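To start, the structure under review is shown below, and the notes come after it.
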Amino acid sequence: MSEPEKTFEPATCRHCDGEGCLYCNKAGTVLVTAPKTLCGHCEGVGCIYCGFTGWAGPKSRCD
Ligand SMILES: [Zn+2]
Ligand SMILES: [Zn+2]
């Protein structure tokens, strides 16, 4: 039995609504833990917990 792997799926960056910004690395989308869920701290507005993407469990960026 192997441990369940964390899976990620793309979600439209809520900070820029897909336009591309600093927080989504100009991609307009971000990888978030599947199934994608709005950040419970800010309800999708963007805060430090969601890396300002609006989504819970964003994949850590390498910057
Ligand atoms: Zn963005
Ligand atoms: Zn948040």
Side-chain angles (χ1 to χ4, degrees):
M1 287 299 184
S2 57
E3 286 181 37
E5 274 182 51
K6 248 191 176 180
T7 56
F8 297 92
E9 62 179 312
T12 305
C13 175
R14 306 255 316 177
H15 184 81
C16 62
D17 208 18
E19 300 264 317
C21 69
L22 184 70
Y23 304 112
C24 57
N25 204 20
K26 303 257 165 55
T29 57
V30 288
L31 284 176
V32 301
T33 307
K36 60 188 178 189
T37 316
L38 280 182
C39 174
H41 294 276
C42 63
E43 297 185 326
V45 177
C47 67
I48 58 168
Y49 298 104
C50 55
F52 297 94
T53 64
W55 298 101
K59 195 172 192 289
S60 51
R61 297 165 297 143
C62 43
D63 56 355

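Whatever order the structure lists ligands and atoms in, that order sets their numbers, starting from 1. Residue numbers count from 1 along this sequence. For clarity, every value in this text was computed on a predicted model and none was experimentally measured. All values below were derived from every heavy atom in this structure, side-chain atoms included, with hydrogens, water molecules and symmetry-related copies excluded.
Atoms of the protein (N, O or S only) found under 2.8 Å from the Zn ion (ligand 1) are Cys13 SG, Cys16 SG, Cys21 SG, Cys24 SG.
Among the atoms of His41, no N, O or S atom is found under 2.8 Å from the Zn ion (ligand 2).
When every heavy atom of Cys24 is checked against every heavy atom of Cys16, the shortest pair comes out as SG-SG, 3.7 Å. Closest approach of Val30 and Trp55 over heavy atoms only: CG2-CD1, 4.0 Å. Of all non-hydrogen atoms in Phe52 and His15, the two that sit nearest each other are O-CB, 3.1 Å.
Seen from the Zn ion (ligand 2), atom SG on Cys39 and atom SG on Cys50 lie at an angle near 110° (rounded to 10 degrees).
Here Asn25 contributes atom CG and Thr53 contributes atom OG1; the two are 13.0 Å apart, rounded to the nearest 0.5 Å.
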Atom pairs and distances, donor-acceptor, side-chain atoms in residues 32-45, under 3.5 Å, two or more places apart:
residue	atom	partner	partner atom	Å
Thr33	OG1	Gly57	O	2.8
Thr37	OG1	Pro35	O	3.0

